[in-house]
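First the structure, in the form of C-alpha cells, and then the observations on it.
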Amino acid sequence: MVIPLRLKAENLSCERGGRLVFKDLSFDLVAGEFAELRGPNGVGKSSLLRLLAGLNTSSSGRLSLEGGAPDTNLAEQSHYIGHAEANKPALTVRENLVFWQKFLGGSENANSFSAFKLEALADDQVLLLSAGQKRRLALTRLVVAHRPLWLLDEPTVGLDTASLIILQNHIHDHLKNGGIVIAATHAELGVKSAINIQLGKAA
Amino acid sequence: MQQFANPARFLKIANVTLPYIWAITAILFAIGLYGALVITPPDYQQGETVRIMYVHVPAAWLGLFVYCLMGFFSAVAFVYRHPLADAAAKTAAPLGAVFCFLALVTGSFWGKPMWGTWWAWGDARLTSMFILLLFYLGYMAVWSSIDEPTRAAAIARIVALVGVLNVFVVKFSVNWWNSLHQGPSVIKMGGPAIDKSMLWALLTMAVAYTMLFLALHLVSMRSEIAARKLRQARLVEIGNR
Amino acid sequence: MFQQALALTTRDVALARRQGGGLGAAFGFILSVMVLIPLAIGPDQILLSKLAPGLMWLALLLSVLLTADRMFQQDFEDGSLDVMAMAKLPLEIVTLAKVLAHWFTVSLPLAIITPPLGLLMSIDVGQLPILLVSMVIGSLALSLLAAVGGAVTAGLRRGGLLVSLLVLPLYIPVLIFGVAASSANLSPSSSTPALTVLCAITLMSLVISPWACAAALKAYLR
C-alpha cells in the first residue's frame, strides 16, 4: 500500500544568532499541495526553508514526512533552491548538470537540458551565462533527480515571463504526480496555493 | 556535572566559593614560596639556580593540564551542546597560554646558567611547550575571528579536540626527533630525581598554581556569562525595534 | 555511494584543471623558495646539501598550506555545500572525496616535482628516491590536514592567516618524520622506521580529518 505524502510541522521555532526568528509555527501539507510563504523581509522565510532542508537545526518543534521513501530523512527527500545557486562558473552547463545528476542519484535523463530550455547552452561555461540563465540552470536541478518535496527560495528572481511559465508547468506537473512544493516568493507564481504560511508579527 | 550546568546555579556557587579559593591560594603561595626560596636547600650541582624550578615546573604542568581540561570541556560541549562547557573551554585558553608562556620564559632563564644559552632546541620538553603555546594561540584566534558566538563555539570545539589529539602526536614526534639529534652538550633538566627536601615545596607550589588557575577561571567565566547576558539582552532589544 | 563520491572527485579535478591557480601558484612558490634559500644562507654547497631535505620539506609544506583556505570556501559560498549536506552521502565522505581531488591536483604533483629541485641545493642524487617516496606518502597527510584548516575557516572571508596558525602545528609531526626519513643515511633500511611512522601519521590523519572537516562544515551550514 502506498501511503500518500504528508508533511507535518508542529510548533516549530527557529533561532538564528541567538535571536528568535519565529515560533509556534504549525502547518500540514499533503501530496499535491502547494504552500506559499508570506511575510516581509527578515521574518524567517529563508530560515524556515533551510530548516525544512535540514540545514538549520530548529530550537524546538516537530517535523515529519510520511509516505516518502523508507529510511530517508526529510532533507534527503527534498530539493532546495536557495539564493546561492550551486553552479560552478568554470564548468559548462552540461558538466554542472551531469555532476548533480550523478551526485543526487538521478537517472540518466536526456531531457534535463530541455527542462528549462538550456539545450543551446549545454557546452558553454556557466560564467558566460546571464543571471536568468544561471537561475534556469539551478532550477534544472529539480528535474535531474526525483525528490518529492521542493523547497524554493525566491525561485522567480531573474526569470523572464517565458521561463516563469516553464517553472509554473514544472510545479504543476510535480504537484500532479503527488509532490509537495513550498515556495517563498514576492512575485505572483501563478500556482494556486493550498495554504499560505504567514510569518511575522501578523501571524 | 548536572548541577553546575545551569548558569545561575554556577554563578551562585562561584560567588560563594571564590573568596575561600582566593584565601587558600594566598596561603599556599605564601608557604610554597617561603619553602622554595628560603627553607629548601640549594642544589649541590646547580646551586641557587634550582629555585627557578619552583616557578617553572608547576607552570609547565599547568600549561599542559589546562590544555587537557580545555579538551575535556570541549568534548563535553561537543556531546551535550551545553554553552557553559563552551564558556569554560573558552576562558581556560588564555589562562593556559599564560602558564605556558611563563614556563617558556622561566625555562629560558633557567637555561642560561645551565646550558649557557637562553634556548636549547635539544630539550624536548621546552620544544613541546613552545608548540603547545601555538595551539593555544590558534584556539584563541578561532574564537576571536568568528563573530557569531554559537558558530564560534562549534568550530572552537573541533579545533580543541583535534588539538588535544595532536598534542600527543607532537609530544611523541618531538621526543623522537630529540633522541635523533641528541647532542653531548645537552644536560637533562630537573636531574635524575628530586630530593624529598625539595619535593614538598614543589608540590605545594603546584597546588598553589592550580588554585590560582581555579580562581582566575571562575572569575573569567563569571564575566563571560555576564557578557553573554548583555548580548542576549541587546539582541532582544534590537528584535523589538 | 562510491559513484557519488567519484563524481565529486572528478568534478573537483576538472575544476582545478579549468581554474588553474592552485598548482601553478604553489609550484611558483616552491621555485621562489629554492632561489631565496641560497641567497639567505650563502652558496656554501656542503651546508646547502646538508640542509636540503629539511628546506625542501618546508617548501612543500608551506606551498600546500597556501592552497588550504580555498578548499571548501567556494563550495560554501556558492551553495554547493548546502546541496551536498542534504544528500544521503555523509559529509565525511564528501570531504574525503574533495581531499582526494586536492591531493591529485595539488599535493601529489608538488611532491613529485619537488625532489628533483633538490639538485639546485647540491643534494646527493642517491637521496632523491627516498625523498620522493617520503614526500608522496606525506603529501596525502598534508592534504588531509590542510582540509581541516580549510573547513574550519570555510565561512570566513579572510581565513588565510588563521589557517596557517591552525595547520602549521598539525604539520609538525609530518615534517619531523618526513625529514627524518629523507635525510637518513643513504642505505634504505635506515629510513624505514621514520617512514613507517610517517605512514601511521598519514593513516591517522585519514581518520581524524574527515570527521573534523564534516563537523566544522556542519557548524557553518547552520
Side-chain angles (χ1 to χ4, degrees), chain B residues 67 71 74-75 77-79 81 86 93 97 100 121 124 127-182, chain C residues 54 141 144-145 147-149 151-181 183-185 190-191 193-194 196-198 200-205 207-222:
Chain B
Y67 197 85
S74 302
F78 190 77
V79 177
R81 319 258 148 194
D86 286 316
C100 219
W121 290 107
T127 311
S128 304
M129 205 36 88
F130 199 142
I131 297 167
L132 191 62
L133 182 64
L134 293 183
F135 277 107
Y136 274 119
L137 293 179
Y139 178 81
M140 282 150 67
V142 167
W143 273 105
S144 63
S145 42
I146 303 173
D147 302 324
E148 215 254 288
T150 47
R151 178 179 280 182
I155 300 285
R157 281 173 214 152
I158 299 152
V159 170
L161 289 178
V162 172
V164 168
L165 283 176
N166 198 51
V167 159
F168 292 104
V169 182
V170 164
K171 186 93 184 118
F172 162 75
S173 311
V174 170
N175 283 341
W176 188 89
W177 171 81
N178 194 42
S179 67
L180 193 71
H181 295 272
Q182 188 73 273
Chain C
L144 285 163
L145 297 173
V148 176
V152 161
T153 58
L156 302 179
R157 246 162 293 136
R158 297 171 64 188
L161 217 57
L162 185 58
V163 171
S164 315
L165 189 55
L166 293 175
V167 175
L168 280 178
L170 298 181
Y171 275 177
I172 288 170
V174 182
L175 178 73
I176 287 177
F177 289 99
V179 175
S183 58
N185 300 328
S190 64
S191 56
T196 314
V197 182
L198 188 63
I201 290 171
T202 308
L203 286 178
M204 214 170 111
S205 317
V207 177
I208 295 167
S209 166
W211 166 80
C213 291
L217 292 176
K218 272 179 206 152
Y220 274 114
L221 287 177
R222 39 193 68 130

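Quantities reported herein were computed from a predicted structural model and do not represent experimental measurements. Residue numbering restarts at 1 for every chain, and letters A, B, ... go by the order of the sequence lines.
Interface remark: of the candidates C:P173, C:A194, C:S209, C:A215, C:P173 forms the most heavy-atom pairs closer than 4.5 Å to chain B.
The OG atom of B:S144 lies 8.0 Å from the CG atom of C:L162; values are rounded to the nearest 0.5 Å. Going from atom CG of C:L166 over to atom CZ of B:F135 covers 9.5 Å, rounded to the nearest 0.5 Å. Atom OG of B:S173 is separated from atom CD1 of C:I201 by 5.0 Å, given to the nearest 0.5 angstrom. The distance from the CD1 atom of C:I172 to the NZ atom of B:K171 is 12.5 Å, given to the nearest 0.5 Å. With values rounded to the nearest 0.5 angstrom, B:N175 atom CG is found 9.5 Å from C:I176 atom CD1.
Two residues are said to be in side-chain contact when any heavy atoms from C-beta on lie closer than 4.5 Å; B:L134 and C:L168 fail this criterion. In this structure, B:W177 and C:L175 have side chains that are not in contact, with every pair of non-hydrogen atoms separated by 4.5 Å or more.
Interface remark: B:V167 contributes no atoms to any contact with chain C (heavy atom separation under 4.5 Å). With a threshold of 4.5 angstrom between heavy atoms, C:V167 does not approach chain B through any atom at all. Both the backbone and the side chain of C:L170 come within contact range of chain B, with heavy atoms under 4.5 Å apart.
Listed here is the closest heavy atom pair of C:A219 and B:I155: CB-CD1, 3.9 Å. Annotation for C:P169 and B:N166: closest pair O-ND2, 3.3 Å, computed over non-hydrogen atoms.
Within 6.0 Å of CG on C:L203 lie more than 12 heavy atoms contributed by other residues, nucleotides or ligands.
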Given the rule in the side chain to side chain contact (heavy atoms under 4.5 Å, CB included) test, do B:L161 and C:W211 qualify, once you have shown the distances and angles that lead to the verdict? CA-CA 11 Å; B:L161 289 178; C:W211 166 80; 4.0 Å; yes

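In this structure, C:F177 and B:W176 have tilted ring planes: the angle between them lies in the 30° to 60° band.
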